[in-house]
Amino acid sequence: ATNSYGPTGVTLDEKIAHAHWRYRDAGKVLAIRVNTRDGVMMRGEWERRLAATNATLAMTPRDFAALKARQAAMVAAEKAKATRESPIKLDAIRGDPAKVKAFCAAMPRVAMLHIHPSGTRDLKTVRELLTELDPLVNGSAIIEEANDGVLTTLYPSELAALEALPLQRYSQFDAAGKRTIEELFFLPVSPEDHPFTRFEALFSIADILLEQDDSTKVYLEEKTYVDFAKRAVRLGLSYAEFTKVEIPPTREALDRFAELKALINKETGGKLIANWVFAFVRTIEPTSLNRGWARELVDLTKEKEEGSMRGIDLLANELDTPALETAQGIYMPVGAARQAGEIRLKSTMHSGELGDVRNVRDAMIMGVERVGHGVLLREDPVAIEYARANNVGIVCSLVSNRLLRVETDYSNHPFLTFLRLGIPTSLSTDDEGMFRTDIANECRVAVTNTDIQYSEMVALSRNSVYESFAGSATKERLLATLAGELKAFEASYGKTG
Ligand SMILES: CNc1ncnc2c1ncn2[C@@H]1O[C@H](COP(=O)(O)O)[C@@H](O)[C@H]1O
């Protein structure tokens, strides 16, 4: 029997329920503050509103320990169940790289939800773009943008090499020089992992080298998408959701999504459906800029809902840009317009990648139906319970997280714990070109470094459909496709694997 609230005998579940009620209550106050009163919620008030209303309802260290133990037991039980129910036994191939690779090449998958278009370019695409655009390579201009010391940094050895580059076009370099320029588009192989600012430098470098001429903008954009789309189809994907920065929002930019969707569809012979999520940048100051753009986006969307633009996102370096402070002016107006039935935009947020461990909690309170990365959610068992209860999706990118020091040991990455706790978790590649990965490689990383079971790999694939922002008819079609492919895969794998 459950005890009622009171000075004694408050159960753990009641304390969790109370904490979640505080989440919802704080969320309502935040919406009123931002939308109705045009005000701001400061951190101190926020945390006070989230705290338990009296000491008997507060989580104690013992409660946290008990909740963690309960979650650990759930994870263990789920693992045992998955092991029993999996028709393919991954434990039998885990130690054999060739078998894992073959499994991951053939394993059916259908959707990917966390893709930065300009991060997708692989070496082939980069080479072809450089050859076609033949940019002027200006080492000091690259240093200025890609090593601003705040958002972007390069390593000292890289600065020296860039300074030594002759000022000339890509085509004028010899083969070794061309290789050097091409490598500037990828995260260095050494050191093994990097600060976020070194990663962010890649986007500046790509912009400087590829966007020298406005007349080739369309070519660059289309080739980037189409090359990715063709690779995606080869890897078995039928659906891709891109997160794209197009601030400030314009009618033209939104209409462009529809054109690109049609182009991708045509170029893949109808095999890949693409949708977009409109991304805000959390490092932009003052935050009132994002607030104004969010309202403009709502107005544009009200006027004419863009079928290929399905939601909003917030991205960039999460260190020192906490979700409460950077997101409230964006997510509150969009959420209100959605609740009022004026728009249908959904919301996701990069959160729990770096920085404040409260960001995933706060993103969920602000109404996101899905988070990108989410890794730091593992620090907050009460917020984990909220994600479980509300089916908040988490899209994880294993290689990205290792390279950017989010979780440097694959075997400690929490994606599998989240999945086993019943949180709809899926895998995506984030910036697959820059990180030299793809979705088959993410599978390989998962199977090699964790005790994931086959039925759980299937769950990751299904979750990528459930948690997508596609319409329900598309989702049903994708799930049916996946079911058919899984059946065939399991039948053939049993014979040859
Ligand atoms: C590694 N995980 C990540 N975490 C946070 N932000 C990321 C990111 N990967 C990329 N971005 C952000 O997306 C922008 C490029 O957008 P487009 O393609 O030009 O729309 C990058 O500048 C970076 O801030």
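Start at 1 and go down the list; that is how both ligands and their atoms are numbered. The model shown is predicted, which means the values in this text are computed figures rather than measured ones. Nothing fancy with the numbering, it's 1 onward along the sequence.
- Inter-residue side-chain proximity for V375 and F415 is flagged as unmet; no heavy-atom pair is nearer than 4.5 Å.
- Counting protein heavy atoms only, atom 6 (N) of ligand 1 is closest to A316 N, 3.0 Å.
- Between F228 and F242, the distance separating the two ring centers is shorter than 6.0 angstrom.
- Only the side chain of D431 comes within 4.0 Å of ligand 1, judged by heavy-atom distances.
- At least one donor-acceptor pair under 3.5 Å links the side chain of Q328 to the backbone N or O of L324.
- Closest protein heavy atom to atom 16 (O) of ligand 1: V245 CG2, 3.8 Å.
- Protein heavy atom in closest approach to atom 11 (N) of ligand 1: H116 CE1, 3.4 Å.
- Ligand 1 places these atoms under 4.0 Å from at least one heavy atom of P117: 18 (O).
- Looking only at atom types and distance, the side chain of N359 has a donor-acceptor partner in the side chain of E318 under 3.5 Å away.
- Checking only distances, G119 never comes within under 3.5 Å of ligand 1, N or O to N or O.
- When the options A206, S118, A279 are ranked by their closest heavy atom to atom 17 (P) of ligand 1, first place goes to S118.
- Within ligand 1, counting atoms from 1 as listed, the ones closer than 4.0 Å to a heavy atom of S400 are 1 (C).
- Under a 4.0 Å criterion applied to the non-hydrogen atoms of H373, ligand 1 contributes the atoms 2 (N), 3 (C), 4 (N).
- Side-chain contact between E306 and W276 is absent, with no heavy-atom pair separated by less than 4.5 Å.
- R282 is linked by a salt bridge (Lys or Arg N to Asp or Glu O under 4.0 Å) to nothing, counting only residues two or more places apart in sequence or in another chain.
- The aromatic rings of Y23 and H20 are tilted relative to each other, their planes meeting at an angle between 30° and 60°.
- Heavy-atom proximity to atom 23 (C) of ligand 1, evaluated over H350, K244, E200, is greatest for E200.
- For E353, every heavy-atom contact with ligand 1 shorter than 4.0 Å involves the side chain, none the backbone.
- At a heavy-atom cutoff of 4.0 Å, ligand 1 is contacted by no atom of V281, backbone or side chain.
- The nearest heavy-atom contact from the protein to atom 14 (C) of ligand 1 is F203 CE2, 4.1 Å.
- The stretch residues 329-339 participates, sequence neighbours left out, in these side-chain hydrogen bond (donor to acceptor under 3.5 Å, both in side chains) pairs: R338-E369.
- In terms of protein heavy-atom proximity, atom 12 (C) of ligand 1 is nearest to L315 CD1, 3.7 Å.
- Nearest to atom 2 (N) of ligand 1 among the protein's heavy atoms is D430 OD2, 2.7 Å.
- Atoms of ligand 1 found under 4.0 Å from any heavy atom of L404 (numbered from 1 in listed order, with element): 1 (C).
- Contact annotation: F196 has at least one heavy atom less than 4.0 Å from an atom of ligand 1.
- Between H373 and H114, the ring-plane angle classifies as perpendicular under the 30° and 60° cut-offs.
- Distances from ligand 1 to the non-hydrogen atoms of E246 include no value under 4.0 Å.
- Of all heavy-atom pairs spanning E78 and E456, the tightest one is O-OE2, 4.2 Å.
- Using modelled atom types and a 3.5 Å distance limit, the side chains of Y386 and D380 yield no donor-acceptor pair.
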